[in-house]
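Working notes for the structure below.
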Amino acid sequence: MIRWPSDLDGAARAFRSAQPFAHLVIDGAVAPEDLRRMSLAFEEEPQTLMENEIYLHLRSSEPPLSEPLRDFCAALQGSCATVARLCGQPLSRCDGSAYVYLPGHYLLPHSDSRTSEGRAVAYAFYLDEPAAGGALELFDCERRDGEIVRTTPALRIEARSNRLVLFEVHDLALHQVCEVLEGARTSIAGWFYP
Amino acid sequence: MIRAPFDRPEVLAKLRPAWSAARSLLLPGACDPSARPRVELRDFDLAHRGRYAFADLYDHALHAELRDFAAALTGARLLDGSLRLFRFRRGSYALFYDDAKSRLTAGVEVTLDLSEDLCGPPAIYASGPGQRLEIPQAPGLVAVVERSPSTFRYDRYFPAEVGEGEVLRLRAAFHYAD
């Protein structure tokens, strides 16, 4: 279901050398008919409004309930060896939820690193792109004596339809979802684990 | 800065049972936003902590006024901590981690909303699952909240709908003396 790069070694090099931290953008990640099925499934997918200090958005269960979205998560699970090769670390499983960001929704700058949870690689796959806002922004961080003392927005990855983004998880891999200003941003996102 | 009748100890003493029951109290219209300090603010921008402007104030008369107010309300002996003015605009926020860097772990925090406009999201105190106190953004509102080691605060993100509006929050921290 997922159309991984044909040159996996080249893509792995691109992942490792990407700045401000290792990441990879894969456009056209699924066939157009699969993308249509998944987009339609979003209309049926139950979502809950979630809010805390960092985020405000709609989120599905984990994994999502509708079949096309579950199929995508299963395809990712079946691709652990491929993602491991791309990202240069052993991976055995992944999870995922469906997200909808409406105007005013956001995910503020944070790292996904949770020692107790063992997240190794994060992913986000975009379906419907918002008319304005909603980009994934990566930060360049400077650390001194164990403390982050400077953060600079370094790269914006637009939430384009049929785009899959992989990025490494560690304390300095700070990122955010910019506020959606117009339209809806739908995605499936989660993590790969060792 | 504190408006009548909340500047009178006997009025505050009558509110003490409500404070004692909740360890927090919201007093709409209890401060005068037009009396806000005219000071130069400096930007703070560390993505994992927050984005806002602030100024540390060294106004002993103001600090004493707010300490007397908080002491009369809570019935506790209080010692001065920080006195800081925050300004939030579109795109501003402050996370738990930012609060963790300077918070009180045993005392009382008084927040005065000195904004001209009603335009922003609330500030939120949380002390565990389901333990949440929302401080609405309302000019003139005074919030008095007990801080404990398990209490953290965040200022919710200011979205685009805030427009050109700005929110000023004056926060005075007081340690328990006893």
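Note that these values count all heavy atoms, side chains included, but never hydrogens, waters or copies made by symmetry.
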**Study point:** Toward chain A, the part of Y93(B) with a non-hydrogen atom under 4.5 Å
**Key:**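 Contact with chain A is through the side chain of Y93(B) alone.
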Review point. Are R90(B) and E179(A) ion-paired here, with the side-chain N under 4.0 Å from a carboxylate O?
Key: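 Looking at E179(A) together with R90(B), the answer is no, because their closest N to O distance does not fall below 4.0 Å.
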Review point. Salt bridge check: are R153(B) and E53(A) linked by an N-O gap of less than 4.0 Å?
Key: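 The answer is no: the pair does not qualify as a salt bridge.
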Review point. In terms of heavy-atom proximity below 4.5 Å to chain B, should L174(A) be classed as side chain, backbone, both, or neither?
Key: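 Interface part for L174(A): side chain.
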Check your understanding: Quick one: what part of E147(A) sits under 4.5 Å from any heavy atom of chain B, side chain, backbone, both or neither?
Key ->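 Looking at E147(A), just its side chain touches chain B.
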Crowded around [X] [atom1]? As in, over 12 foreign heavy atoms under 6.0 Å?
X       : atom1 : answer
R156(A) : CZ    : no
E161(B) : CD    : no
R160(A) : CZ    : no
Q89(A)  : CD    : yes
D145(A) : CG    : no
E44(A)  : CD    : no
R114(A) : CZ    : yes

Review point. Who among N52(A), L56(A), T152(A) has the most heavy-atom pairs with chain B under 4.5 Å?
Key: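 Among the listed options, the one with the most contacts to chain B is N52(A).
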Check your understanding: Does some side-chain heavy atom of L108(A) sit less than 4.5 Å from a side-chain heavy atom of Y157(B)?
Key ->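 Side-chain contact under 4.5 Å: yes.
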Point to revise | Shortest non-hydrogen contact between T151(A) and A47(B), atoms and distance | key: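 Scanning both residues completely, I find the closest heavy atoms to be OG1-N, 2.8 Å.
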Exercise for review: Of all the heavy-atom pairs spanning A160(B) and L181(A), show the shortest one and how long it is.
Suggested key: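 Result for this residue pair: CB-CD2, 3.7 Å.
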Point to revise | Between CD1 on residue I54(A) and OH on residue Y97(B), distance to nearest 0.5 Å | key: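 Separation between the atoms: 12.5 Å.
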